[in-house]
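Worksheet for the structure shown next.
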Amino acid sequence: MTAKSHENPSILRLNDQISFGNDQPLVLIGGMNVIEGRDILLRVAEHFVRVTQALGVPYVFKASFDKANRSSLSSFRGPGLEEGMRLLQEVRETFDVPVLTDVHEPHQAEAVAQVADILQVPAFLARQTDLVRAIAQTGAMVHVKKPQFIAPQEMRHIIAKCAEAGNDRVLLGERGSCFGYNNLIVDMLGMDLMKDMGPVVFDVTHALQRPGGRADSADGRGSQALVLARSGVAVGIAGLFLEAHPDPSQALCDGPCALPLADLEGFLRGVLAVDRAVKS
C-alpha cells in the first residue's frame, strides 16, 4: 500500500498523543536491542511504560525481531519475523503503546507494517534502494538511521527515495560516524544540519558503540550514556532512541552499550531537564 502524506515535514504526527518535531517535547523511542524472550520483553516494556507515564514523556517501544548485521556467525539474532511480530503485537496491545522495529529485507516490510507503527531502516542498509522503497511504500512512518559512513547532507537522497515511493513521514536518526577503527563519534553540528530536513532522533545507544571492539561483537561505553544523551538533546531534537536491559552484562546483543534498566528514571530526568531548557 502506498500512502502519501501532506503533513508539515517539520512536525510528524504519529497518533493523537505523539508528534515528532525538533521544537516539540522530546519523544522517547526505547526498549531492548533484540527480543530475547517473552518474559524479559514484557518486563522491559512494562518498566519503560511506567517510567515514561510518570514523567509525562511521549513514548514508542522498540525491539528487534532479527539482528542481521552481526560480527560473528555465533551472535544471537532473535526469534525471527513471525514470532517477533507476535510478541511485538502483544506488547502493543498489553501496554497500549506504539511500536518500532527494524526491517532488513524488502519482503519483510509489509508484514512488519501490519504490527509496527514505525519501520526502521538500519544504518548499514540505508542506501539500499529496494529496501528503502519497500519500507516507504507501506505508508508507515519511517525512521532512517544515518549510515556511519555518509555525511549528514547526504540524507537528502534517502528522503528523496522515500518521497518518490509516496511517503514523506521520515524521521532522521543519528547514531555516530566512523572515526578510525572500532570507534564512533557524534557530530552535533551534523544533527543541526539534518534538522533542516525533518525531525531528528538521536540514537544514543548505538553512538556509544565501539564496532567490532570485541572478538564476537561490538564493545561500548554504556556508562557514558547520560553524558552523550544530554549533549545530543542540547541541539534541540525531536526524539531520543535508547536501549536498556535488566542486566547489560548478560544481554545477548550490544550489552556494553545498554543502559541498566533500573537507571532509566534518573537518566530520563537528566535528559528532560536539558530538553525543556533548550525548548523553553
Side-chain angles (χ1 to χ4, degrees), residues 3-15 18-29 57-58 60 62 100 102 117-129 131-133 135-179 184-207 228-242 271-272 274-280:
K4 176 66 175 177
S5 165
H6 298 286
E7 298 182 49
N8 179 346
S10 64
I11 300 178
L12 300 182
R13 184 177 297 278
L14 181 63
N15 56 35
I18 299 176
S19 295
F20 288 89
N22 296 316
D23 60 354
Q24 302 296 301
L26 191 74
V27 179
L28 178 66
I29 299 172
V57 180
V60 178
K62 179 271 167 185
L100 174 149
D102 38 350
D117 302 86
I118 305 176
L119 273 57
Q120 181 169 283
V121 183
F124 278 126
L125 303 178
R127 293 185 66 180
Q128 297 296 103
T129 298
L131 178 63
V132 172
R133 181 188 294 119
I135 290 174
Q137 286 177 339
T138 66
M141 187 175 286
V142 181
H143 178 220
V144 181
K145 293 279 196 77
K146 181 179 74 64
Q148 303 91 317
F149 43 83
I150 73 169
Q153 56 267 28
E154 293 181 61
M155 289 291 279
R156 296 186 186 278
H157 304 307
I158 303 171
I159 295 171
K161 290 179 182 180
C162 291
E164 289 169 4
N167 193 330
D168 58 9
R169 304 174 69 222
V170 181
L171 306 172
L172 307 175
E174 170 61 53
R175 50 97 71 234
S177 298
C178 294
F179 188 70
L184 298 171
I185 59 168
V186 180
D187 178 5
M188 302 302 170
L189 295 180
M191 276 202 284
D192 196 51
L193 285 174
M194 289 197 295
K195 286 169 58 177
D196 290 337
M197 307 176 205
V200 172
V201 174
F202 178 33
D203 176 359
V204 63
T205 297
H206 292 96
L228 190 57
R230 287 187 303 200
S231 301
V233 168
V235 176
I237 56 175
L240 187 71
F241 182 106
L242 175 73
V271 169
L272 291 173
V274 176
D275 183 67
R276 289 164 182 161
V278 169
K279 295 173 181 175
S280 63

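Values below: every heavy atom of this structure, side chains too, minus hydrogens, waters and symmetry copies.
The two residues Val142 and Ala136 have their closest heavy-atom pair at CG2-CA, 4.2 Å. The minimum heavy-atom distance linking Val186 with Ala207 is given by the pair CG2-CB, 3.6 Å. Of all heavy-atom pairs between Val170 and Leu172, the closest is CG1-CD2, 3.9 Å. Nearest approach of Pro122 to Asp102, heavy atoms of both residues: CG-CB, 4.2 Å. The two atoms that bring Pro147 and Ala126 nearest to each other are CG-CB, 3.6 Å, heavy atoms only. What you find for Pro199 and Ser10 is that their closest heavy atoms are CG-O, 3.9 Å.
In terms of the side chain to side chain donor-acceptor pair (under 3.5 Å) criterion, residue partners of Asp117 (sequence neighbours excluded) are, by chain and number, Arg92.
We find the SG-CD1 distance between Cys178 and Ile150 to be 11.0 Å, quoted to the nearest 0.5 Å. How far CG of Leu272 is from NZ of Lys279: 9.5 Å, rounded to the nearest 0.5 Å. Put simply, CD1 on Ile159 and NZ on Lys161 are 12.0 Å apart, with the number rounded to the nearest 0.5 Å. With rounding to the nearest 0.5 angstrom, the NZ atom of Lys146 is 9.5 Å from the CD1 atom of Ile158. Expressed to the nearest 0.5 Å, how far CD of Gln153 lies from CE of Met197 amounts to 7.0 Å. Met141 CE to Arg169 CZ: the interatomic distance, rounded to the nearest 0.5 Å, is 4.0 Å.
With hydrogens and angles ignored, the 3.5 Å screen pairs no side-chain donor or acceptor of Glu154 with any backbone N or O of Arg156. Side-chain N or O atoms of Asn167 include one that pairs as donor or acceptor with a backbone N or O of Ala140 at under 3.5 Å.
Within 6.0 Å of the CZ atom in Phe149, the count of heavy atoms belonging to other residues, nucleotides or ligands exceeds 12.
Each of Leu125, Val121, Asp203 was scored for a side chain to side chain contact (heavy atoms under 4.5 Å, CB included) with Lys145, with one residue passing: Asp203.
Side-chain contact between Asn15 and Ile18 is present, with at least one heavy-atom pair separated by less than 4.5 Å. Under the 4.5 Å side-chain criterion, counting only non-hydrogen atoms from C-beta, Val233 is not in contact with Val278. For the pair Ile237/Leu26, a side-chain contact is recorded, criterion being any heavy-atom separation below 4.5 Å from C-beta on. Side-chain contact between Arg175 and Leu184: present, with at least one pair of heavy atoms (C-beta onward) separated by less than 4.5 Å. In this structure, the side chains of Val235 and Phe202 stay at 4.5 Å or more apart for every pair of heavy atoms.
Ring planes of His206 and Phe241: tilted class, angle from 30 to 60°.
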